[in-house]
Amino acid sequence: MDLKDEKKISRRTFLDYALGGSIVVSALAVLGSIFTYVYPSRKEGGAEKAEKVEAGPVGDLPVGKAKPVVYQGKNVMLMHVQAGFFAVDMKCTHLGCMVEWETDSQTLKCPCHAAFFDYQGKVISGPAPKPLPLYKVEVSKDMIYITGLA
Ligand code: FES
């Protein structure tokens, strides 16, 4: 056997390494999933630091209107109703679809399974198990701000 032959690996050895490597990668993927399940990210559902974020001028949102805004990476519906300004998380508490503002009824409707919420996020009807998270809203010098979860 010369030096050139010693550097070659047999087909059987190669397949052994490939199989062993794929088993290790699969095991790491399973362990990673278990770890993520047992120790979920603090951001998911955890308390985030409140931050005052500008949501637009008062004049751009007349009574009866609403507009989606982003607050700390979350889609939030900012609404102006007779009672004042309100903001709720747009992610439906049923299966996570984005709710929409219904101008005529002044309610939030989930297009997926027809859950309805009032402007404070309370469930009116439908399969949603809990209210939409409500955010605090401030108005200062004709500017609307979202300042954190209520
Ligand atoms: S996801 Fe909203 S009602 Fe089902």
Side-chain angles (χ1 to χ4, degrees), residues 11-150:
R11 178 182 296 174
R12 179 175 197 89
T13 304
F14 172 77
L15 289 174
D16 285 346
Y17 284 140
L19 180 63
S22 65
I23 288 171
V24 169
V25 168
S26 298
L28 288 174
V30 169
L31 288 174
S33 298
I34 291 170
F35 184 82
T36 303
Y37 178 77
V38 174
Y39 301 104
S41 167
R42 296 186 114 212
K43 278 186 171 180
E44 191 69 31
E48 292 165 5
K49 192 173 180 202
E51 180 186 2
K52 189 172 180 174
V53 172
E54 198 175 289
V58 170
D60 287 358
L61 198 62
V63 174
K65 298 291 183 189
K67 69 174 185 178
V69 296
V70 176
Y71 179 78
Q72 293 187 327
K74 294 195 172 162
N75 294 311
V76 172
M77 186 66 79
L78 177 64
M79 298 155 282
H80 190 186
V81 295
Q82 290 292 344
F85 290 96
F86 292 86
V88 297
D89 196 310
M90 291 176 66
K91 189 175 176 183
C92 180
T93 54
H94 181 223
L95 295 177
C97 293
M98 292 293 129
V99 298
E100 299 167 348
W101 178 245
E102 297 277 303
T103 305
D104 293 344
S105 61
Q106 299 285 284
T107 57
L108 295 149
K109 177 186 178 185
C110 180
C112 293
H113 310 102
F116 280 87
F117 305 86
D118 71 9
Y119 57 82
Q120 292 181 303
K122 294 177 188 155
V123 179
I124 297 170
S125 64
K130 359 182 242 192
L132 301 170
L134 180 66
Y135 286 87
K136 291 183 274 189
V137 179
E138 281 180 25
V139 176
S140 173
K141 295 180 183 166
D142 292 329
M143 189 60 73
I144 308 166
Y145 298 91
I146 299 176
T147 60
L149 280 169

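Just so you know, these numbers use all the heavy atoms, side chains as well, and skip hydrogens, waters and symmetry mates. Atoms within a ligand are numbered from 1 in the order they appear, just like the ligands themselves.
- A heavy-atom distance below 4.5 Å is not found between the side chains of I144 and H80.
- Smallest separation of non-hydrogen atoms from L95 and H113: CD1-CE1, 3.6 Å.
- Here the rule is side chain to side chain contact (heavy atoms under 4.5 Å, CB included) with D118, and of L132, V123, I124, V81 only I124 fits it.
- Ring-plane geometry between Y119 and F86 is classed as tilted, the angle between the planes lying from 30 to 60 degrees on a 0 to 90 degree scale.
- Within the sub-2.8 Å shell of atom 2 (Fe) of ligand 1, the protein contributes these N/O/S atoms: C92 SG, C110 SG.
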For this session: Could you check C112 against C97 for disulfide (SG to SG under 2.5 Å), going step by step and ending with a plain yes or no?
Result: CA-CA 6 Å; C112 293; C97 293; 1.9 Å; yes

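- Atom NZ of K122 has 12 or fewer neighbouring heavy atoms from other residues, nucleotides or ligands inside a 6.0 Å radius.
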